[in-house]
Amino acid sequence: MSNVAGDTERYDPLTIEPPIAERWAEERTYSLRPGPTAREDEDTDAPYYALTMFPYPSGDLHMGHAEIFTIHDALVRHLRMQGRRVLNPIGWDAFGLPAENAARNRGADPKAWTYANIDEQRSTIARLGYSFDWDTVLHTCDPEYYRWTQWLFLALFDAGLAYRREALVNFCPSCSTVLANEQVVDGRCERCGTEVSRQPRTQWFFRITAYADELLSGLDDLDWPDRVKNSQRAWIGRSEGAEIVFPTADREDEIHVYTTRPDTIFGATYFVFAPEHPVVLRRMAGDRAYDAYLEEVTRRSDVERQAGKTGYRLPFDVVNPFTGEDIPAYAADYVLMDYGTGAIMAVPVGDQRDFEFARQEGLEVRIIIRPTGPDGELLAELDPEGMTEAYTGPGVMVNSGPYDGLSWEEAKERIIAEVEAKGWGTAKVNTRLRDWLISRQRSWGAPIPIVHCPTCKEVAVPEEDLPVELPDDLDFTVAGSPLDQHAAFKHDVVCPRCGNPDATRDVDTMDTFVDSSWYFLRYLSPTDHEQAWPADVASRWLPVDQYTGGVEHAVLHLLYSRFVVKAMRDRGHVDADEPFQALLNQGQVIMDGAAMSKSKGNLVVPGEVTENYGADTLRGTMLFASAPEDDIDWADVSPTGMHKWLSRVWRLSLEHTARRQAGAPALADAAAATLQRATAVAIARASEEFDARKYNTAIAQLMTLTNAVLDATRDGAAGAVVGEALEALLKMLAPVCPFITEELWTRLGHPGSVHDQRWPVADASLLVEDEVEVVVQVNGKVRGRITVPAGSDRTALEHLARADERVAGHLAGEVVKVIAVPDKLVNFVVKG
RNA sequence: GCGGGUGUGGCGGAGCUGGCAGACGCAGAGGGCUUAAAACCCUCGGGGCCGCGAGGCCCGUGUGGGUUCGAACCCCACCACCCGCACCA
């Protein structure tokens, strides 16, 4: 294959890119020097922490990785050219189930499997020209990393924020491990889709609920997409209401209920306990019929539970404190033990679930509210027999004793006041958020650094004994947890407190979301043997200025990281309130309208595109396709088009060099002025687009500048103005396409790297226009265009507009009004 | 069910604070160069109508209304699609 077409060398990315990529990798060109722990950045511009969600090493990079890294790299390279000191680390979220499955199914060593994948991804990252800092690289499966994950666990344990308890937990039979609430989607395992069952197990939790209020209020000040903030708000699920005590009719127990509608209490005609409520369990102990019900309920999955309600009439009543009536008590599975108090007052008239259950069981629907319209006018009374659903709209109280006639909002306030005055309860804020279940019965994860002693119970492994290392010889062919069945790991330990030789190690590992909840702190000093991170350095770099990653982490990872930072702040390890100030969710790369997958046969991998067109074309195609947060359908985009444009940039640059050397004439004055102005405009506009991270429109500006150079040099001219245009073009293209710009920068005769240049600044004097085109409208319709001196006043505009022949033809009727906006338009309002 | 978002040419997408809709591309058509093809270069391009032509007129940003001199943009209602939450009391 010839490298020459005509007399200009062809653009051949496959030849020019690899050597540059290798040089950058070998020379660690993009490492922050000095490193992040250096104090020098205190004296310079504010340091900038740019972070991208680190990859999971399951095979080679896919298009989604290329998308996130390309957006992120354009951002980072642009910032560096603006003189910012940018920390841009990379690492791997390297613990997790796929490695274990590879071990189980193919006999692979999980460690070897993981590191092989990391090596592959690492070389692809280098080939694609992403400017990560290889000096701070980390892998969460390295003992020197998870040693500090274990330290973090112990810090939380010491603070009472990590604890162990028995609870009904989500269990995935396929993954044979428990899951956090956040990992259960529609009653199914987020990972494998298997229906999750609820089982009582003793597990480790992080007390994230202690930070519920702050996790909610802190969202207000974050520069995150609204949908992510809304997801977190919904997940935290704050509600305001009251906790009210209902005594049992025999006065032996006082049952607390939580309600957001205390105003409806006069309509509470029955009472419901969660089937596992402790008072019910105590009272019903030994009752075979109830045991049978309980068993049936436990067997029902969440999915089945939502399909229909079951209930059990308990052999006792409770008292409605407001009416003094005895009302029947039920156990029913539509009341959940782990929300509120696990018991409710049931108001069929005002709550759809209570209504359905009342109809099913033939219970009274008592009317205590009369609907009102939008202006407060009374509407028709509710009919208890004819109602087909609960009424949840506005209204005034009826059948509610002293509260009759009040609006429901007013009644709510007064009833809460009375509850408090009489000592029947208190106003109460509730959240839906549960504590984070972090233990997993898996073996490719960070071991929980706890020893269970028959006498001392749960004892922390002393810090000097960390890390608690995973054994190298786990047997993944066993059923259940390999770590649990590794005798040496489990039993070769004595109690750190009393020396009891019968102590055993905790055989669970931590959720991989624990690993990723603090990695952005470890990047600051990944080889520090003394501490997880230096507090002063963390305080200087956090919060992360810009975090880029997928929206699938809207709740899980992003909420956990926020919790960890707040908990660490309260222990004095960092002074930031939040981990990530700004968040960018890149869109997905899909194919023909569907997610890419091998089984669908619509998989495109970055390597394929790179082998055909090179990395610059892949990067440019992705950024030009749409705004970073929009999805890209690969079937709709054109690497060919991007390659064509880059070839044109290549040819124009080489031609310019050749012409300059051959002594070609400079541009004529008029052409030079036009090109100079086009360059200034392109710099001004593209800079704005880059600042706003709208790379698609930024590239459009660069294409326009390319077309201007093409037009200006068609007759073979060269000269300084052309050189300046090309230099500006290459500098601004550099963050998008780092290879071709590096190569051409050198070939244009410049020393050093284009990536070390300062971002170009537009010559402001060239941006000022002498003349502007003003649109002339008649009754809002464009009827002409006039060219006028910039800044012409209204009178002048009107005069010039009237003089326009075409416009005059439309001004037959009476001109009743003239709107003139300088430099923009004139609009004549004509009557008749 | 509740909450949030998005609808612009054949396609991806531009469109700033309410002021020329369709920037920049892709695909397409026509032409140039070439023995030929590729590559490259030029021209055209929302729809309809009138005109030999320069050009002109009407319609057009999911649908229907409204506000305004003027609406893709603001307001109301509706339709479609996407996302999140969902027995949370």
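Below, read A as the first sequence line, B as the second, and so on, with proteins coming before strands; counting in each chain starts at 1. Values reported hereafter were calculated over all heavy atoms of this structure, with side chains retained and with hydrogens, waters and symmetry mates removed. Model, not experiment: these values are computed from the prediction.
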task: Measure from NZ or CZ of A/Arg261 to the centre of the six-membered ring of A/Trp408 and say whether it is under 6.0 Å with the direction within 45° of the ring axis.
output: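 Yes, a cation-pi geometry holds between A/Arg261 and A/Trp408.
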
query: Within 45° of the six-membered ring axis of A/Tyr334 and under 6.0 Å from that ring's centre, is NZ or CZ of A/Lys309 located there?
result: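 Judged by the rule (NZ or CZ under 6.0 Å from the ring centre, within 45° of its axis), A/Lys309 counts as positioned above A/Tyr334.
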
Closest to side chain of [X], choosing from [options]:
{"X": "A/Asp711", "options": "B/G19, B/C42, B/G12", "value": "B/C42"}
{"X": "A/Phe624", "options": "B/C85, B/A89, B/C24", "value": "B/C24"}
{"X": "A/Lys817", "options": "B/G19, B/C69, B/G15", "value": "B/C69"}
{"X": "A/Arg714", "options": "B/C69, B/G12, B/C42", "value": "B/C42"}
{"X": "A/Thr697", "options": "B/A89, B/C59, B/A23", "value": "B/A23"}
{"X": "A/Arg783", "options": "B/G19, B/C85, B/C57", "value": "B/C57"}
{"X": "A/Leu710", "options": "B/A89, B/C42, B/G19", "value": "B/C42"}

- prompt: Between A/His643 and A/Tyr11, is the gap from one ring center to the other below 6.0 Å?
  reply: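 Yes, the ring of A/His643 comes within the 6.0 Å limit of the ring of A/Tyr11, centre to centre.
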
query: Quick one: are the ring centres of A/Phe690 and A/Tyr695 less than 6.0 Å apart?
result: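 Yes - the distance between ring centres of A/Phe690 and A/Tyr695 falls below the 6.0 Å cut-off.
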
query: Is there a donor and acceptor pair, one atom on the side chain of A/Arg227 and one on the base of B/C83, closer than 3.5 Å?
result: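 No, the side chain and the base share no sub-3.5 Å donor-acceptor pair.
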
query: Heavy-atom count around A/Gln588 CD within 6.0 Å, excluding the residue itself: above 12?
result: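 No.
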
message: Just confirming the chi classification of B/G9, syn or anti, using 90° around 0 as the syn window.
response: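 This nucleotide is in syn.
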
[N] and [M]: how far apart are their [atom1] atoms, nearest whole angstrom?
{"N": "B/G18", "M": "B/C74", "atom1": "P", "result": "8 Å"}
{"N": "B/A21", "M": "B/G56", "atom1": "P", "result": "14 Å"}
{"N": "B/C16", "M": "B/G66", "atom1": "P", "result": "25 Å"}
{"N": "B/G25", "M": "B/A37", "atom1": "C1'", "result": "26 Å"}
{"N": "B/C20", "M": "B/A14", "atom1": "C1'", "result": "14 Å"}
{"N": "B/G22", "M": "B/G46", "atom1": "P", "result": "9 Å"}
{"N": "B/G15", "M": "B/U67", "atom1": "C1'", "result": "22 Å"}
{"N": "B/G7", "M": "B/A72", "atom1": "C1'", "result": "11 Å"}

message: What contact category does A/Gly340 fall into here, base, sugar-phosphate, or nothing, at under 4.0 angstrom with non-hydrogen atoms?
response: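 Nothing, no heavy atom under 4.0 Å.
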
Counterpart base for B/A77, defined by Watson-Crick or G-U wobble contacts under 3.5 Å: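 The answer is B/U63, by the H-bond criterion.
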
